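We name chains A, B, ... by the order of the sequence lines, and we start the count at 1 in each one. Values in this document were obtained by computation on a predicted structure and should not be read as measured data.
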Amino acid sequence: MERTMGNGELRLTNVGEEVTLLGWVANRRNLGGLLFIDLRDSTGIVQLTCLHPEQVPEVKSEYVIEAKGKVAKKENPNKNLPTGEVEVIVDSIKVINKAELTPFIIADQTDALEDTRLQYRYLDLRRPCLLHNLKVRAKVCSIFRDYFDSKGFLEVETPILNLSSPEGARDYLVPSRIKHGSFYALPQSPQLWKQLLMVGGVERYYQVAKCFRDEDLRADRQPEFTQLDEECSFLSQDQILSLNEGFLARVFKEIRGVDIKLPLRRIKYWDAMDFYGSDKPDTRYGLCLFDLKEYVYPSGFSGMGEGDYVRAIRVEGQGKAISRKLLDELNAEARKFGLKGLFSLKREGDEISGSFAKFLSEEQKQALKDKLGMKDDELILFASSPYRRDVDFGLGAIRSWFAKHLGLIKPNTFDLLWVVDFPMFDPVEGEPGKYVAEHHPFTRPRDEDLPLLDSKPEEVLAYAYDIVINGYEAGGGTLRIYDHDIQWKIFRLLGLTDEDVKNKFGWFIDAFRYGAPPHGGIAFGLERLSMILCGTDNIRDVIAFPKNLSAGDPLSHAPSPVDPDQLEALAIEVKKGE
RNA sequence: GGACCAUUGGUGUAGCGGCCUAACAUGCUUCCCUGUCACGGAAGAGACCGCGGGUUCGAAUCCCGCAUGGUCCGCCA
């Protein structure tokens with residue numbers, strides 16, 4: 001058994017060669033006196049042609065076989081296959097291993113749902129599209145390493161067994177056997193370690209880092225995932241962004257053949273919220289939000305207060321098309337984000353109708369037509385709330401609903417941009433003077449905003465940046481605080497006592513007393529990037545063995561109860577479930 | 001923690017109170033077929049309709065509970 005080449009590599013230039021091929025039987029077409037076999041391996045599929053089927057041993061789907069024969073030019077090429085111009089005229093076929101009937105069809109166009117495929121992931125992975133996704137993912141990693149190697153970065157591995165921190169996401173805990181009652185935490189990210197590497201003088205670090213977060217899952221969120229993580233010293237935010245743009249441009253060029261225009265667009269956080277109702281806007285289409293308050297307040301509707309935010313989305317040509325049923329659907333969408341619902345206005349000829357029309361005066365209706373320029377058959381949907389976040393996020397969701405509904409998203413387009421100038425703090429709703437960190441407490445406030453720390457913390461912006469691609473947050477980072485005094489000021493604003501800080505971060509911030517360099521970094525979500533490059537909206541499509549929404553593995557059935565002896569060794573007792 | 005949707009031969013769906021002794025596609029088995037490439041043609045096997053209650057003369061179909069899967073909200077510094 002000596003394979004001469006991969007099945008998917010055969011081309012016209014190989015015609016006449018004697019070859020030995022190995023692989024799986026993807027399909028058979030038996031024409032009686034003539035038998036065709038599609039042979040698949042990791043490189044692709046090629047057609048075997050058996051002129052004497054009676055001499056061929058019985059082969060069925062997914063049998064592993066060895067085929068010897070001669071490459072020939074096909075008279076009728078198959079343009080759906082890279083190898084479609086050639087076939088292999090078979091001399092002999094040997095069955096290497098038989099296969100039972102598989103539970104689903106092993107082909108890109110399969111019949112099974114994801115649940116079934118995940119139970120037999122090893123069969124699912126034989127499908128060329130899945131393998132392709134893994135190749136894309138691997139290519140992103142190899143470009144990452146190559147690019148940052150060439151920029152003088154050092155790959156460093158940071159610990160997997162870490163000190164647990166109550167901040168941020170829920171930790172996955174690992175009990176200590178040596179020290180009963182104590183636990184390690186799996187890393188949520190290598191954040192603190194990479195900063196210590198900067199204090200340690202490494203200057204330029206990167207890592208392909210596995211991260212773990214024990215939070216609920218989503219179509220684009222898994223409990224274990226991989227970050228392409230970097231950190232560097234002595235670079236400005238602009239330098240870091242352009243360094244990383246170079247990386248992204250290579251990724252899109254080498255994997256998708258797309259030229260990304262550099263430098264990338266940068267949009268301020270509050271502008272993103274204003275125009276798109278999202279801090280990760282999908283900028284492949286318009287439908288921007290706008291302020292409608294001057295047109296509809298005050299009105300006959302008493303539920304709208306003077307301090308309320310009133311924002312809207314206008315959709316041309318949808319006034320008549322929008323049905324009661326669709327409006328209900330949109331209202332349900334809006335309510336998810338804390339809105340009470342949506343109001344509608346439409347123009348039909350000279351008439352303004354819709355759910356809010358009855359609250360408006362004739363002058364207001366006229367203004368909609370004249371001043372706002374509302375067109376015939378135009379639909380305006382709007383919402384009001386004292387909470388800006390609710391209005392923005394709610395309408396942001398409506399915006400993307402319409403984009404999907406109206407088919408505004410062109411396939412195979414990539415729109416990359418940086419969202420910058422994130423606020424440093426997020427005020428806690430209903431508790432004035434209380435704040436949580438928007439990113440993390442080590443994020444550096446912008447120099448020009450430092451005076452605001454004492455007076456208006458909610459207005460302080462940070463050196464924080466996210467890379468947004470097609471509406472996905474594909475990565476993000478910040479410059480970090482290296483000044484001891486500013487760090488303490490932030491801690492106090494976040495309501496942390498000296499005691500808290502010492503217990504939670506003492507081991508970390510002590511390092512900053514010994515000459516920490518200015519530093520900052522970024523982390524890309526490898527899966528998110530791979531999803532976008534593969535054109536899928538399901539994160540499981542780019543993970544070899546993903547977890548399901550209950551954070552379980554449908555294949556191995558992890559997690560599971562463990563042997564009492566194991567618990568005994570760890571001095572752990574499990575409460576009996578009700 | 002919450003909302004919504006789904007669960008029917010191996011696989012994917014249809015059926016939505018009696019025409020169901022459950023349909024279609026695909027896969028599988030057998031036979032025919034020398035240029036197919038989603039091959040084609042013929043015949044056949046394969047399902048107590050997720051589980052447990054209830055309503056009804058009658059339930060795959062309606063109701064309740066549970067389980068599993070998915071999508072979303074909260075959560076994800």
Nearest-angstrom distance, [atom1] atom, [N] to [M]:
N      : M      : atom1 : result
B:rG70 : B:rA42 : C1'   : 41 Å
B:rG12 : B:rG18 : P     : 27 Å
B:rG2  : B:rC66 : P     : 10 Å
B:rU36 : B:rG50 : C1'   : 42 Å
B:rC57 : B:rC62 : C1'   : 16 Å
B:rG44 : B:rC39 : P     : 24 Å
B:rG46 : B:rA23 : C1'   : 15 Å
B:rG9  : B:rU61 : P     : 15 Å

[N] pairs with, by Watson-Crick or G-U criteria that keep both distances under 3.5 Å:
N      : answer
B:rG50 : B:rC66
B:rG12 : B:rC24
B:rC33 : none
B:rU61 : none
B:rA3  : B:rU71

Sugar-phosphate means primed atoms, P, OP1 and OP2; the rest is base. With that split, encode nucleotides 6-12 of chain B 5' to 3' as B, S or - using protein heavy atoms under 4.0 Å.
-> ----BBS

Mind calculating the distance between [atom1] ([X]) and [atom2] ([N]) to the nearest angstrom?
X        : N      : atom1 : atom2 : result
A:Asn331 : B:rC73 : CG    : P     : 17 Å
A:Gln119 : B:rG70 : CD    : P     : 11 Å
A:Asp216 : B:rG1  : CG    : P     : 9 Å
A:Ile89  : B:rC37 : CD1   : C1'   : 14 Å
A:Glu329 : B:rC72 : CD    : P     : 15 Å
A:Glu54  : B:rU34 : CD    : P     : 11 Å
A:Leu35  : B:rC32 : CG    : P     : 14 Å
A:Tyr172 : B:rC75 : OH    : P     : 18 Å

Please tell me if the side chains of [X] and [Y] come closer than 4.5 Å, counting only heavy atoms from C-beta onward.
X        : Y        : result
A:Phe402 : A:Leu330 : yes
A:Ser164 : A:Leu173 : yes
A:Met198 : A:Tyr205 : yes

Just distance, no hydrogens or angles: give the donor-acceptor pairs under 3.5 Å from side chains in residues 501-512 of chain A, sequence neighbours left out.
from: A:Asn503; atom 1: ND2; to: A:Glu499; atom 2: O; distance (Å): 3.4
from: A:Lys504; atom 1: NZ; to: A:Glu167; atom 2: OE2; distance (Å): 3.1
from: A:Trp507; atom 1: NE1; to: A:Lys504; atom 2: O; distance (Å): 3.4

Nearest of B:rG70, B:rC72, B:rU36 to any side-chain atom of A:Gln47?
->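 Per side-chain heavy atoms of A:Gln47, the pick is B:rU36.
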
Looking at [Y] and [X], is any side-chain nitrogen of the basic one under 4.0 Å from a carboxylate oxygen of the acidic one?
X        : Y        : value
A:Glu62  : A:Arg126 : yes
A:Lys73  : A:Glu85  : no
A:Asp282 : A:Arg284 : yes
A:Glu224 : A:Arg213 : no
A:Asp426 : A:Arg389 : yes
A:Lys489 : A:Asp485 : no

If we ignore angles and hydrogens, is there a donor and acceptor under 3.5 Å between the side chains of A:Asn162 and A:Trp193?
->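 On atom types as modelled, these side chains qualify, holding a pair under 3.5 Å.
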
So A:Phe442 and A:His440, would you call those rings parallel, tilted or perpendicular, with 30° and 60° as cut-offs?
->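 Correct class here is tilted.
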
Mark yes when over 12 heavy atoms from residues, nucleotides or ligands other than A:Lys434 sit less than 6.0 Å from its NZ; otherwise mark no.
->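 Check fails, neighbour count at 12 or below.
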
Where at least one partner belongs to residues 104-119 of chain A, residue pairs that pass salt bridge (charged side-chain N to carboxylate O under 4.0 Å, His left out), sequence neighbours excluded |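 Residue pairs with at least one partner in residues 104-119 of chain A: A:Glu114-A:Arg540, A:Arg117-A:Asp124.
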
Closest-nucleotide ordering on RNA chain B, the 5'-leading residue of A:Leu549 and A:Gly168 =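 This one resolves to A:Leu549.
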
Please report the closest heavy-atom contact between A:Tyr463 and A:Pro445, naming both atoms and the distance.
->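 Reported closest heavy-atom pair: CE1-O, 3.3 Å.
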
Apply salt bridge (Lys or Arg N to Asp or Glu O under 4.0 Å) to A:Asp483 and A:Arg444, showing your working.
-> CA-CA 9 Å; A:Asp483 181 296; A:Arg444 197 163 126 210; over 6 Å; no

Taking RNA chain B as the partner, which of residues 217-232 of chain A come within under 4.0 angstrom of it by heavy atom?
->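 Here the set is A:Arg218, A:Ala219, A:Arg221.
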
Under 4.0 Å from any atom of RNA chain B, heavy atoms only: list the residues of residues 72-84 of chain A that qualify, in numerical order.
->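 Correct list: A:Lys74, A:Asn76, A:Asn78, A:Asn80.
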
Identify whether any heavy atom of [X] sits under 4.0 Å from a base atom; if not, whether one sits that close to sugar-phosphate; answer base, sugar-phosphate or nothing.
X        : answer
A:Gln191 : base
A:Asn548 : sugar-phosphate
A:Arg540 : sugar-phosphate

Within the sub-3.5 Å range, which N or O atoms of nucleotides 39-46 of chain B have a protein N or O partner, and how far apart are they?
from: B:rC39; atom 1: OP1; to: A:Asn27; atom 2: ND2; distance (Å): 2.9
from: B:rC39; atom 1: OP2; to: A:Asn27; atom 2: ND2; distance (Å): 2.6
from: B:rC39; atom 1: OP2; to: A:Arg29; atom 2: NH1; distance (Å): 3.2
from: B:rC39; atom 1: N4; to: A:Asn30; atom 2: O; distance (Å): 2.4

Quiz item: A:Asp115 side-chain donor-acceptor pair to B:rG70 base, under 3.5 Å |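 Between B:rG70 and A:Asp115, which were checked side chain against base, a qualifying N/O pair under 3.5 Å is absent.
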
Hey, does the side chain of A:Thr49 come within less than 4.0 Å of B:rU36's phosphate (OP1/OP2), counting only N and O?
->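 Negative; the distance criterion is not met.
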
